[in-house]
Structures are given as structure tokens and as C-alpha cells.
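Labels below follow one simple rule: chain letters A, B, ... track the order of the sequence lines, proteins then strands, and each chain is numbered from 1.
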Amino acid sequence: MADLPTPWVYLTTPIYYVNDVPHIGHAYTTIAADVLARTHRQWGAPVFFLTGTDEHGQKVWQSAEKHGLSPQVYVDRILPRFRDLWSRLAISNDDFVRTTQPRHIKGVSEVLTRLREKGDLYEGSYEGWYCLPDERFWTDKDVENGLCPDCHRPVERISETNIFFRMSRYQDWLVSWYESHPEAIRPESRYNEIMGFLKKPLSDLCISRPKSRVPWGIPIPFAPDYVTYVWFDALLNYVTVPWSLGATPEEGLSRLWPATHIIGKDILTTHAVYWPILLAALDLPPPRLIFAHGWWTVDGEKMSKSRGNVVDPGALVDQFGADPVRFFLLREGQFGQDVDFSREALINRINRDLANDLGNLLSRVTAMAFRYFPETGVARPEAGGSPALKEAAEALLPQVRLRTLSLEFHRALQSLWEFVAFLNRHVDARAPWVLARDPALREDLSSVLYDLLEGLRLTALYLAPFMPETAGKILEALEVPAGISLLSYETHGLPGLEALYRVRPSGPLFAKRDAQGNPLSEEGEKPRKSPSPAPAEGGTAVAAPAKDSGPAPAVTGEAPAPEKTPIDYADFQKVQLKTGVVREAVPVPKSKKLLRLSVDIGEAEPRTVVAGISGSYSPEELVGKTVVVVTNLAPATLMGVTSRGMLLAASTENGVSLLTVDRPAAPGSGIK
RNA sequence: GGCGAUGUAGCUCAGUCGGCAGAGCAGGUGAAUCAUAAUCACUCGGUCGGGGGUUCGAAUCCCUCCAUCGCCA
């Protein structure tokens, strides 16, 4: 049911209670949904990204009274607190729903009518302790000394008749649906929580409030004395909006449904229990995914109005800009777990990751490209780019894109920054300023700079969903024509579709910040030396370029991550490698992946070698195979078997792949 | 009280199937001078919460205790 053939990606945030003051938690949810939306769009998927505001309920009504305004006028006035914040944070929502819009009110009436026709609603009486400010009932057990357990204000005894929704009817169905769709609630711990919650019988849900007490709500068509309970009203926005978009409600919804809901962990039960049941009552499939993210603490403490430590995202945007705030919120912690906010951490990310690693990389590369090739630009090398760069760039696809789509934002960004670090290492390893001293090496110089510029372009494209403005600035600095997407990159493949980079130096991408968050430098006391065009003329070739003089790790085809220390040839010679033929292979008892091999390496007796390759090779296919053995490794005992040697193998996605020889070689042939 | 998680370097956290404890930041040393003094290399730093068990071998599996957190009541 969850895998309807819709190509659409329907993404939602909760609709925010318009009476609340926006804090970084609201921004967190919305930015995450935005990054997902932008990523899907970038790769060609049609996206409908919905956010909005929840505008009914007692608190809004009371606040309006206090201001001497009608509720509608009041909510119209405070709406910009949210709507403007999203535009300042570059949120790319496709629609903005307000629960006071006619389309929503019409949809809610429709739902209520359908539920009533199905016999899922009934009138019942309810008695309990009511907390007015919180708008919720408590049981005898909850209430402590006549005070609300949540806000510690006095509660009052209320008995009233209301309309109830028969939730219990659908409980068994929901449990079995979740049993077969464990991926529908993320992270996994939240799934477990819901499954635990569903072990106990559900009570029916009260979905109305008497108009006499709460006049500001959606009228219930068949019960004129009641309005819809604000929570129930709010949830329904996820379907009332699509209903309003199609030629018919069904057409509008079936195109988009099922939705992916991004929420905070505080409203998990509502979304993962009440909501799917409500959908089932409407004959609609459950959401595709409900992802409950964690909360932000502030300097290690819970964020709350009473502590006065609520972080205002608008103020952060004013001071630091939208992109750094977006980056920080998604980079700092795991989406799904609680994360701590501190200005120090934010400033540290801006200075280290953004200004130093990325901003300075753009600065140094474009400065050199402009200085050394002011007239001609940097052309694509005939031979293509560096294989190492190509390999690192290809890893971006799984590591950045797929991790983003599985909402592992911090890991996606971490991977992207490994690529940035790779590019910085590449600059150092190839030392373009050294190449520039020798006119004979001009082609090398051009080729190295081309690789770096190409790497920066890819960085910008993968960064775009997270930091749209920054990505635009990078592409602008590279003078890459507008409108280039990852799709065109895919079509053309590496090394790049740019025939020529004609760059000009640009100002810093990010200003570094002092401990207070104020921008450093700028104030022209240190005039930026704009690099003077100085085409390499007969400078003395002091040092040979890195390419010839020693290990240049960046161009040897190594993966970007673990660069090892360069070693001398003498060090390498310490390792004795020989070919060997596998004569026998048997599993080591009680071990899952170890095999005991007899390997003929040209000695009188075959060597016993224990190898952890059982997952990738069966014993049968190993016998007769020629392998590469480290023969002077100190013996090691594994699962009681002494191993006298080690096989060389490449680590692959699916396990290991043994090294062998291209042409026949006698057992014991030396390897150099 | 019931259910569930977590505990690894100064800080934030990875650690896949049991096989030589890792990354980033912070700290130290050096290299380099293209660049926003930005970068790069090396390095310091660990009783893997405590105790017990299984195993040739445990951060990893089992038991138990302690601490912290979440959901429910």
C-alpha cells in the first residue's frame, strides 16, 4: 500500500501553531524538509512541499481578545512571524496552508461527514480535570494537588458531552500494518516506542469542543453546538490541501499520496497512531514515512520560555545569514537525536568548515587560475582529469545524495566535506605555484587547476540543496553558466562538461567571526592583494614538480579518506610478497568468516594461511586460484589456527576481492 | 513501577559478522607560501561505565550492578 506508483514526492512539515514564537526547532524541521525537497527536485522528481500554520483553538481566541481583535484579524497579523521567516531561510515550499482558509475548512467538514456516515463517530460524555491554558484533559492520577502535571497551573473539573472517534476499531489493523512496514517510522527507536504504545488498548479520541467554551474553530456540520478540536483540525491539512488541488478531491490527492511527514519527536504519537487510523477510516493508505527528529538543547539545557533561552532563528539569520544557519543546524548533530546549540559551536562551524575549508579553497583556486591563465582560461585537458579526482567525485553520488535522501544530513555533509578536504590536499600535493615556475610544465599546471575547478563545481552542485545561495556564489565565481544541474552533469559524465573555466577572483565566501560572532577583517585596513596576472615566464625551476619528485597521494588513485604517510622504497621492500596457489580450503570451525587455506608458495610445504573471506568466497572456488601472499608477516593465531601469511584483497562494497595475477606465474614468484 | 535505549580520547560522536580501538574539534611539532594566518603532514591523548561469564580472542555476545535519557503509567 505504501508503494503506490506515484512519482511525486509529497513532503510536509507540521503546521505550526500561529500563536507560538518561532524557535530553532521550527526552523530545524522546515529546513530539513526543504533540503529533501530541493534534493529531489535537483534530480528530477516532481515535489510538493507543504508547510503552514495552525490557527484555531482556545489560545488564539484568548490572545485575540486580549488585543481587542477578531481572531481572524489577529492571526492575519501574526502570520508573518512564520511566513517571513521561511522566505528569509530560503525555504522553497510549494504551498502554504492556513487552517482558516476556506479550502481547509471545506475539507474538514467533508471528513467529518464521511466519518459520520461510516459510523465512526458517536456522542459521548466525558469527565475529567481540564487545564485551560494547555487545552487538555487529565485523569485523577495525572493531577497533583489540583495542578496540571505539565504546566503546574490549577485544573478544573469539567463534565461535558462531546463527539468521539472510534479509534479502537482500527488498532489491530495498525499493528499488523506496522509489523509489515517497520521502515514507516524513523528513527528505529521511535518505531519501537510506537509499537510499545500500541500494545495497550487505545481509547477513543475526543474530536470536538463545545462552542460555548471554545468558539474559535471549524463548525461540525451535523452538531451545531460544537467546533472541531484543534488537533484534529490541524492533522487534516495533509489531505485537505491536496483535495483542493485536483479536478476532483480524489484526483488531487491520489497524485500526491502517500506523504512523507517530517515532525519533531513531541508529536510522534499523534502522527504515528491517530493519523494513520484516521486515514484508514477515510479509506486512505498510511503515510510513506514519519520521521521524528530530536530537540535542540541550548548550552546543554532544555530550551524553554521560562528559562528564557529560546533561540530565535530570525536573529541568527540577521547576524550570520541563512546559509550558515541552515548548514549548522543540519551538520551539527544527527537528525533524529537531540542536539545542543551554542553560539560557540555555530561560530566554530562557520570559521572552520565554511570559511577555512570551503571558502579558502575557492579563494586559493580561483586566485591561481586567474593569475596563471588570465587570458586563455583553464581548458579541459585532452587526457581528461585526474583519476583520483574522478573516483572521489563519483563517491559523492552515493555518499551525499543517498544519505541526504535517507535523512542522514550530517553524514551527507560530512562526506561532502571529505571531498573538500580532498581538494585541499590535491592543491598541496600538486603545488600549482611550483608548476607555474617552469614554462615546460604549463600543461600540467592547467590540468591540475582544471581538476580543482571541476571539483569546486561539483561541490557547489551537491551543496546546493543545503546552501542554495552559497552554491550560486561558487558557480558564479567559476563563471559557470546558470541553469546547470546535476542532471546535465550525469548526462555528460566526468571529467566535466565545462570546456573552459574563465574565472575571476572574488571576495571571501564567508567572513570569519570572532567569539562574539562579529565579522573579522573586512574593514579595508588590509587591502586584498588581488592576484596580479603573471603568466609563468622563465622563472627558475627550483623544485621539480610534485609529480616527479615523490609520492603525490592525491594522484595515485587512492580513495580520498585515509591518506597514509609517504614511505621510502626501503620501507616498501620490507614487505615480502609472493604468488601462491591455493591447494586446500576449509572453513575454520565455529567461525563465520574465517577459512583455513593451504597455500603453495614454492616452499617445501604449503603454508597455512587463515583468511577472513568466507563471506566473499566459497572454499571450492578458491582451490587452484593464484593469490598474492605477504610471506614475512609475523604468525598470528586466529580461532586456534596459526596463520603464517596474509592474502591481499581489495575491499569492495560486497566484501572482498582477492588480488591475483594477470598471466600465469609459478608458485613463489616474487612481487615487486 | 512497566517497556526501551544509551554509556568509547578533554568535547561531539563512528566502530558492519567477535579478529591489532577510530574520526572531527581542541592540544603539540613541523612543512609549505597559492589562499580569508587559510592549508598540508606528523603527533599527544583510552581501565571502551563497574564486575562477572562464553570464547583461542569481547567495545562487540550473555548475566549483573551503577549512571543518564526516552515512551508509557
Need one value for A:Asp340: base, sugar-phosphate or nothing, where a base atom within 4.0 Å counts as base even if backbone is also close, heavy atoms only. nothing

Expressed in whole Å, how much space separates the P atoms belonging to B:rC17 and B:rA31? 45 Å

Sugar-phosphate only, base, or nothing, as touched by A:Asn424 at under 4.0 Å among non-hydrogen atoms: sugar-phosphate

Please compare A:Asn192 and A:Phe197 by the position of their nearest nucleotide in RNA chain B and report the one closer to 5'. A:Asn192

Base, sugar-phosphate, or nothing for A:Gln334, non-hydrogen atoms under 4.0 angstrom? sugar-phosphate

Here the distance between atom C1' of B:rC13 and atom CD of A:Glu408, to the nearest Å, is 14 Å

Which whole number of Å gives the distance between the P atom of B:rG24 and that of B:rA41? 9 Å

Using the P atoms only, state how far B:rU54 lies from B:rC62, rounded to an integer number of Å. 15 Å

Side-chain donor/acceptor contact of A:Asn360 with base of B:rA35 under 3.5 Å: yes

Over all strands shown, is A:Leu268 touching base, sugar-phosphate only, or nothing at heavy-atom distances under 4.0 angstrom? nothing

Checking all strands, does A:Gly196 fall into the base, sugar-phosphate, or nothing category for heavy-atom contacts under 4.0 angstrom? nothing

Nearest whole angstrom, please: distance from the C1' of B:rC11 to the CG of A:Asn348. 11 Å

Rounded distance in Å - CZ (A:Arg352) to C1' (B:rA38): 9 Å

Is it true that A:Arg403 and A:Ser415 share a donor-acceptor pair across their side chains at a distance under 3.5 Å? yes

Whom does B:rG30 pair with, Watson-Crick or G-U wobble, provided both distances fall under 3.5 Å? B:rC40

For atom C1', what is the distance between B:rU43 and B:rG22, given to the nearest Å? 16 Å

State plainly whether the residues A:Asp357 and A:Arg349 are in salt-bridge range, i.e. N to O under 4.0 Å. no

In whole Å, what separates the P atom of B:rC42 from that of B:rA5? 40 Å

Aromatic centroids of A:Phe373 and A:Tyr501 separated by under 6.0 Å: no

Check this for me, if you would: do A:Arg457 and A:Glu454 make a salt bridge, where the nitrogen-to-carboxylate-oxygen distance has to be below 4.0 angstrom? yes

Working for salt bridge (charged side-chain N to carboxylate O under 4.0 Å, His left out), residues A:Arg343 and A:Asp299: CA-CA 9 Å; A:Arg343 287 179 70 83; A:Asp299 297 318; over 6 Å; no

Suppose you measure atom C1' in B:rG28 against the same atom in B:rU33; what distance do you get, rounded to whole Å? 22 Å

